[in-house]
Amino acid sequence: MASSTTDLKQRFVTPTPDQTTTTTNEDNKNGTVNLKRDKRMAMAKRGLRSLIIALSVPLSITLLSIYIASSFTFSNHNTQSIASSRKPFWFPPSWLLHLMLPSSSLLMGLSAWLVWAEGGFHRDPTAFLLYLIQLLCTVLWEPVVFGVGATSFGLLLCVGIFGSLIGCMYVFGKVNPVASDLIKPCLAVSAFLFIVNLKLIYM
């Protein structure tokens, strides 16, 4: 009688091989799910950090160039006053130019980040070179034109901006069509800068 009771207890307490296998599989699945979730979170954090860098670096450089140009402009206040009296009605105010250039830099930063995230810069270094050229020309334009007053050289910078943007749109489009579409407003800004620069030469 005692032995039969013990056998019954062992039947209820001792897990069967199937139950052990099921428990192990569930633990493995939970561990795999948690590992994948951790990897996704780590990738999302890295992606967010890289996005912040891609946007903040060109924006900061552009704002710095605007500040430098403004410093030169204030030191040449009399010359700027004479030039401003000859401006046509459609000529943009300085605050609008200060808004257009950082906006263009932000869009290009986002476009470049989309290409970088898909490995476009590694596959085709020309894409990164074109991005750097347009960023350099954009940063130099306002200090050269409004700071130093070298409007002829500024016109060359506008051509450089437009040409490098066309190249970026073509190369970026091979990697990510959205990145290419983001460049279109920047092209409009560069074309407008060219018109403004051209008018400044003949003022």
Side-chain angles (χ1 to χ4, degrees), residues 25 27-69 92 96-145 153-197:
N25 290 337
D27 291 340
N28 290 335
K29 287 180 181 178
N30 290 334
T32 304
V33 170
N34 291 333
L35 183 61
K36 289 182 178 179
R37 188 185 300 115
D38 292 340
K39 285 184 177 179
R40 279 197 224 96
M41 288 295 295
M43 289 178 63
K45 288 179 181 178
R46 286 197 298 270
L48 183 60
R49 282 196 296 267
S50 62
L51 177 60
I52 292 173
I53 293 172
L55 295 179
S56 61
V57 170
L59 178 62
S60 301
I61 297 174
T62 306
L63 291 175
L64 179 61
S65 72
I66 292 173
Y67 173 76
I68 293 172
L96 182 57
L97 289 174
H98 294 341
L99 182 63
M100 291 170 65
L101 290 173
S103 300
S104 180
S105 294
L106 276 176
L107 285 176
M108 282 306 300
L110 178 57
S111 178
W113 180 81
L114 290 173
V115 175
W116 171 84
E118 297 191 21
F121 289 157
H122 298 286
R123 292 197 299 269
D124 190 358
T126 306
F128 186 63
L129 179 62
L130 289 169
Y131 172 70
L132 287 181
I133 290 173
Q134 70 79 30
L135 179 60
L136 179 63
C137 291
T138 301
V139 166
L140 289 177
W141 184 79
E142 190 156 344
V144 165
V145 173
F153 186 66
L155 203 62
L156 292 177
L157 290 176
C158 287
V159 174
I161 295 171
F162 192 84
S164 57
L165 286 175
I166 290 291
C168 284
M169 190 167 65
Y170 175 73
V171 178
F172 286 14
K174 294 180 179 179
V175 181
N176 190 320
V178 176
S180 179
D181 291 336
L182 288 172
I183 301 176
K184 293 177 181 178
C186 302
L187 281 171
V189 170
S190 66
F192 186 69
L193 291 181
F194 181 86
I195 296 172
V196 169
N197 201 143

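Index from 1, following the sequence. None of the values given here were measured: they were computed from a predicted structure.
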Using the side chain to side chain contact (heavy atoms under 4.5 Å, CB included) criterion, which residues pair with Ile53? Sequence neighbours excluded. Val57

Show every donor-acceptor pair shorter than 3.5 Å between a side-chain atom in residues 157-169 and any protein atom, with sequence neighbours excluded, or say none if there are none.
| unit_1 | atom_1 | unit_2 | atom_2 | d |
| --- | --- | --- | --- | --- |
| Ser164 | OG | Gly160 | O | 2.8 |
| Ser164 | OG | Ile161 | O | 3.0 |

Sorted by chain and number, sequence neighbours left out, side-chain hydrogen bond (donor to acceptor under 3.5 Å, both in side chains) with Ser190 holds for none

Within the side chain of Asn197, is there an N or O that forms a donor-acceptor pair under 3.5 Å with the backbone of Leu155? yes

Among pairs that include at least one residue of residues 173-195, which meet salt bridge (charged side-chain N to carboxylate O under 4.0 Å, His left out), considering only residues two or more places apart or in two chains? Asp181-Lys184

For residues 99-109, run the donor-acceptor check on the side chains, cut-off 3.5 Å, and write out each pair with its distance to 0.1 Å, sequence neighbours left out.
| unit_1 | atom_1 | unit_2 | atom_2 | d |
| --- | --- | --- | --- | --- |
| Ser103 | OG | Leu99 | O | 2.7 |
| Ser105 | OG | Thr62 | OG1 | 2.7 |
| Ser105 | OG | Leu101 | O | 3.2 |

Output all residues satisfying side-chain hydrogen bond (donor to acceptor under 3.5 Å, both in side chains) with Trp113, sequence neighbours left out; order by chain, then residue number. Ser50

Expected output: side-chain Arg123 to main-chain Val175 donor-acceptor under 3.5 Å: no

Which pairs of donor and acceptor atoms, one on a side chain in residues 128-139, lie under 3.5 Å apart (sequence neighbours left out)?
| unit_1 | atom_1 | unit_2 | atom_2 | d |
| --- | --- | --- | --- | --- |
| Gln134 | NE2 | Tyr131 | O | 3.2 |
| Thr138 | OG1 | Gln134 | O | 2.7 |

Glu142 side, atom CD; His98 side, atom NE2 - distance, nearest 0.5 Å: 5.0 Å

Please list, chain by chain and in numerical order, all residues satisfying side-chain hydrogen bond (donor to acceptor under 3.5 Å, both in side chains) with Thr126, sequence neighbours excluded. Asp124

List the steps, then state whether side chain to side chain contact (heavy atoms under 4.5 Å, CB included) holds for Leu97 with Ile66. CA-CA 9 Å; Leu97 289 174; Ile66 292 173; over 6 Å; no

Which atom of Ala179 lies closest to which atom of Ser111, heavy atoms considered: O-OG, 2.7 Å

Residue list, side chain to side chain contact (heavy atoms under 4.5 Å, CB included) with Ala127, at least two apart or on another chain: Phe121, Val171, Phe172

